[in-house]
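Counting starts at 1 for both ligands and their atoms, in listed order.
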Amino acid sequence: MKREIIHVSTGRPYDIIVENGLLRETGALAAKVTKARNAAVITDTNVAPLFLEAVKNSLEEAGFSVKTYIFPAGETSKNHKTLIGIYEFLAQNGFNRSDVIIALGGGVVGDVAGFAAATFMRGMDFIQVPTTLLAQIDSSIGGKTAVDLCEGKNLVGAFWQPRLVICDPDTLKTLDKRIFADGMAEAIKHTLIKDRTLFERLCDGMQVDAEFICRNIDIKRRVVERDERESGERMLLNFGHTLGHAIEKVYNYEKYTHGEAVAIGMVTITQFAERRGLTKPGTASKIARVIEKNGLPVSCDAPLSEILKAAKNDKKRSAGGITLVLLHDIGEGYLYRVSDSEFNRFFSEVE
Ligand SMILES: NC(=O)c1ccc[n+]([C@@H]2O[C@H](COP(=O)([O-])OP(=O)(O)OC[C@H]3O[C@@H](n4cnc5c(N)ncnc54)[C@H](O)[C@@H]3O)[C@@H](O)[C@H]2O)c1
Ligand SMILES: [Zn+2]
């Protein structure tokens with residue numbers, strides 16, 4: 001597939017460019033969107049040996065002076081300690097607000113480097129080079145940046161749109177199977193809420209290639225453009241997440257990845273919605289088939305009552321009631337608001 005450019009019309013618009021091999025053009029592409037001459041490339045210990053040299057060389061060829069910061073891979077690095085490490089690195093190397101931060105890696109790198117870009121000297125240019133499926137189709141789009149606290153994930157963050165997203169599907173070749181599947185859960189979610197045709201192509205064995213990634217990016221783009229600050233439509237992206245987050249918590253974030261828990265959440269909520277006549281019959285089993293085909297689980301053995309308890313605790317702060325995301329049918333997500341007591345009834349057996 002030739003180069004695809006997806007334009008995102010948020011408050012500060014930017015392009016997402018998708019093409020195999022694009023990583024090697026990082027420098028030339030960056031030079032078009034920023035006046036900066038100094039680039040700080042931030043990445044993690046898994047991604048650095050794979051792609052850092054190519055990105056650094058490309059930036060230097062385009063005239064950037066490059067410094068790199070590498071932190072230990074994994075969600076446990078998405079915290080204030082890493083953030084302070086990045087601030088100190090920037091300060092010690094004389095970076096200022098007219099320079100650019102380049103986030104090379106998965107969602108963790110994108111979120112923490114993005115938050116550093118949003119806050120260091122009140123905001124620097126920021127370019128995302130996502131290298132996981134999840135980062136390419138989900139976390140690099142929409143401008144949310146954050147770090148975790150011990151008290152919870154993503155509790156400190158900012159909306160900060162990148163100047164550019166450089167998406168090279170070739171980088172996905174080195175991904176661990178389970179991490180790839182994790183991203184697939186969000187990709188399947190996108191098709192379920194918005195794109196029936198893409199879902200059907202997945203059922204027919206469509207591979208994850210540049211076209212699939214573009215279609216997926218476009219679904220998230222449309223949703224965030226309509227709702228940049230997450231008040232309404234953007235909540236559709238939470239399909240499977242109310243139960244998914246609860247499942248992650250019940251298993252202490254150990255047994256299931258985020259995507260696996262969301263996969264279980266999407267199937268489970270759709271099963272109950274079907275029983276209540278809120279979703280077209282047969283939808284849950286269609287979802288389950290695609291989920292299983294992609295190496296993701298469709299159920300777990302924790303008692304439902306425990307999952308619901310965790311889900312309700314999670315939602316305590318949203319003042320009375322919970323917004324569920326349901327499907328009328330494949331490709332047609334909608335919001336369904338319930339009170340606390342209706343929430344329990346929703347998941348009780350239908351008489
Ligand atoms: N900002 C948003 O809107 C948004 C949306 C969804 C998720 N997120 C965040 O994204 C994070 C999860 O992202 P993730 O799944 O990409 O996790 P991640 O960044 O931890 O990447 C997963 C693992 O893959 C490795 N890796 C990355 N690219 C690789 C490659 N090409 N080849 C081999 N290994 C590679 C990483 O080093 C890491 O070990 C979470 O912190 C989540 O909160 C943010
Ligand atoms: Zn998710």
Pick one of side chain, backbone, both or neither for how Glu186 approaches ligand 1, counting any non-hydrogen atom pair under 4.0 Å. neither
Taking the minimum heavy-atom distance to atom 37 (O) of ligand 1, which of Asp182, Thr43, Asp148, Asp44 ranks first? Asp44
I'd like to know if the Zn ion (ligand 2) has an N/O/S atom from Asp138 within less than 2.8 Å of it, counting both backbone and side-chain atoms. no
With under 30° as parallel and over 60° as perpendicular, where do the rings of His245 and His241 fit, or are they tilted in between? perpendicular
For the Zn ion (ligand 2), what is the closest N, O or S atom on Glu186? OE2
For atom 19 (O) of ligand 1, which of the options Val108, Val109, Val112 provides the nearest non-hydrogen atom? Val108
Short N/O distance, under 3.5 Å, between Asp138 and ligand 1? no
Please check: side-chain N/O of Asp340 versus main-chain N/O of Gly321, any donor-acceptor pairing under 3.5 Å? yes
Select the closest option to atom 33 (C) of ligand 1 among Leu23, Thr257, Thr174, judged by heavy-atom distance. Thr174
Donor-acceptor pair, Arg289 side chain versus Cys203 backbone, under 3.5 Å? no
Note: NE2(His258)-the Zn ion (ligand 2)-NE2(His241) angle, rounded to 10 degrees, equals 100°
Which of the atoms in ligand 1, numbered in the order shown and given with their element, are less than 4.0 Å from a heavy-atom of Gly106? 16 (O), 19 (O)
With distance as the sole test, does Asp170 use its side chain to make a donor-acceptor pair with the main-chain N or O of Asn20 at under 3.5 Å? no
Show which atoms of ligand 1 fall inside a sub-4.0 Å distance from at least one heavy-atom site of Ala73. 37 (O), 39 (O)
Are Phe212 and Ile137 side-chain neighbours, meaning at least one heavy-atom pair lies under 4.5 Å? no
Exactly one of Thr171, Thr131, Asp168 clears side chain to side chain donor-acceptor pair (under 3.5 Å) with Gln136, and that residue is Thr171
Using a 4.0 Å cutoff against the non-hydrogen atoms of Leu50, which atoms of ligand 1 qualify? 32 (N), 33 (C)
Atom 26 (N) of ligand 1: closest protein heavy atom, distance to 0.1 Å, is Val47 CG2, 3.9 Å
Which residue and heavy atom of the protein sit nearest atom 40 (C) of ligand 1, plus the separation: Glu75 OE1, 3.2 Å
I'd like to check which ligand 1 atoms, numbered from 1 as shown, lie under 4.0 Å from a non-hydrogen atom of Lys78. 9 (C), 40 (C), 41 (O), 42 (C), 43 (O)
Looking only at distances, please establish whether an N/O atom of ligand 1 is found under 3.5 Å from an N/O atom of Thr132. yes
Closest to atom 5 (C) of ligand 1 (heavy atoms only, candidates Ser139, Ala146, Gly74) is Ser139
Any donor-acceptor pair under 3.5 Å from Asp209 side chain to Glu211 backbone: yes
Non-hydrogen atoms of Lys220 versus ligand 1: any pair closer than 4.0 Å? yes
Ignoring hydrogens and angles, tell me if any N or O in the side chain of Glu225 forms a donor-acceptor pair with the backbone of Ser9 under 3.5 Å. yes
Closest non-hydrogen protein atom to atom 39 (O) of ligand 1, residue and atom name please, with distance? Asn46 ND2, 2.9 Å
Closer than 4.0 Å to some heavy atom of Thr171 - which atoms of ligand 1 meet that? 30 (C), 31 (N)
Does Leu278 share a hydrophobic cluster with Leu335, counting links as ILVMFWY side-chain heavy atoms below 4.5 Å and allowing steps through other members? yes
Atoms in ligand 1 flagged as close to Asn154, the criterion being non-hydrogen separation under 4.0 Å: 43 (O)
Of the protein's non-hydrogen atoms, which lies at the shortest distance from atom 7 (C) of ligand 1, and what is that distance? Leu134 CD2, 3.7 Å
Applying the side-chain contact (heavy atoms from CB on, under 4.5 Å) test to Val41, which of Val100, Thr26, Thr68 qualifies? Thr68
Are side-chain heavy atoms of Val109 and Val47 found at a separation under 4.5 Å? no
Check the orientation of Tyr251 and Tyr256. Use parallel for under 30°, tilted for 30 to 60°, and perpendicular for over 60°. perpendicular
Judging by distance only, is a nitrogen or oxygen of Thr145 under 3.5 angstrom from one on ligand 1? no
Could you pull out the closest heavy-atom pair between Asn154 and Ala146, with the gap in Å? OD1-CB, 3.7 Å
Quick one: does Asp176 get an N or O within less than 3.5 Å of an N or O on ligand 1? no
Distance from atom 29 (C) of ligand 1 to nearest protein heavy atom, with residue and atom: Leu175 CD2, 3.4 Å
Would you say Phe272 and Leu308 are hydrophobically clustered, going by side-chain heavy atoms of ILVMFWY under 4.5 Å? yes
Do ligand 1 and Arg234 have nitrogen or oxygen atoms that lie under 3.5 Å from each other? no
Can you find a heavy atom in the side chain of Ile141 that is under 4.5 Å from one in the side chain of Ile6? no
Short N/O distance, under 3.5 Å, between Gly107 and ligand 1? yes
Identity and separation of the nearest protein heavy atom to atom 28 (N) of ligand 1: Thr131 OG1, 2.7 Å
Under a 4.0 Å heavy-atom limit, does Asp111 contact ligand 1 with its side chain, its backbone, both, or neither? side chain
Checking Thr82 side chain against Ser77 main chain: does a donor-acceptor pair fall under 3.5 Å? yes
Closest to atom 24 (O) of ligand 1 by heavy-atom distance, out of Ile179, Leu237, Val224, is Ile179
Give the atom numbers and elements of ligand 1 that come within less than 4.0 Å of a heavy atom of Lys153. 40 (C), 41 (O), 42 (C), 43 (O)
Arg37 to Phe64 six-membered ring, cation-pi geometry met (6.0 Å, 45°): yes
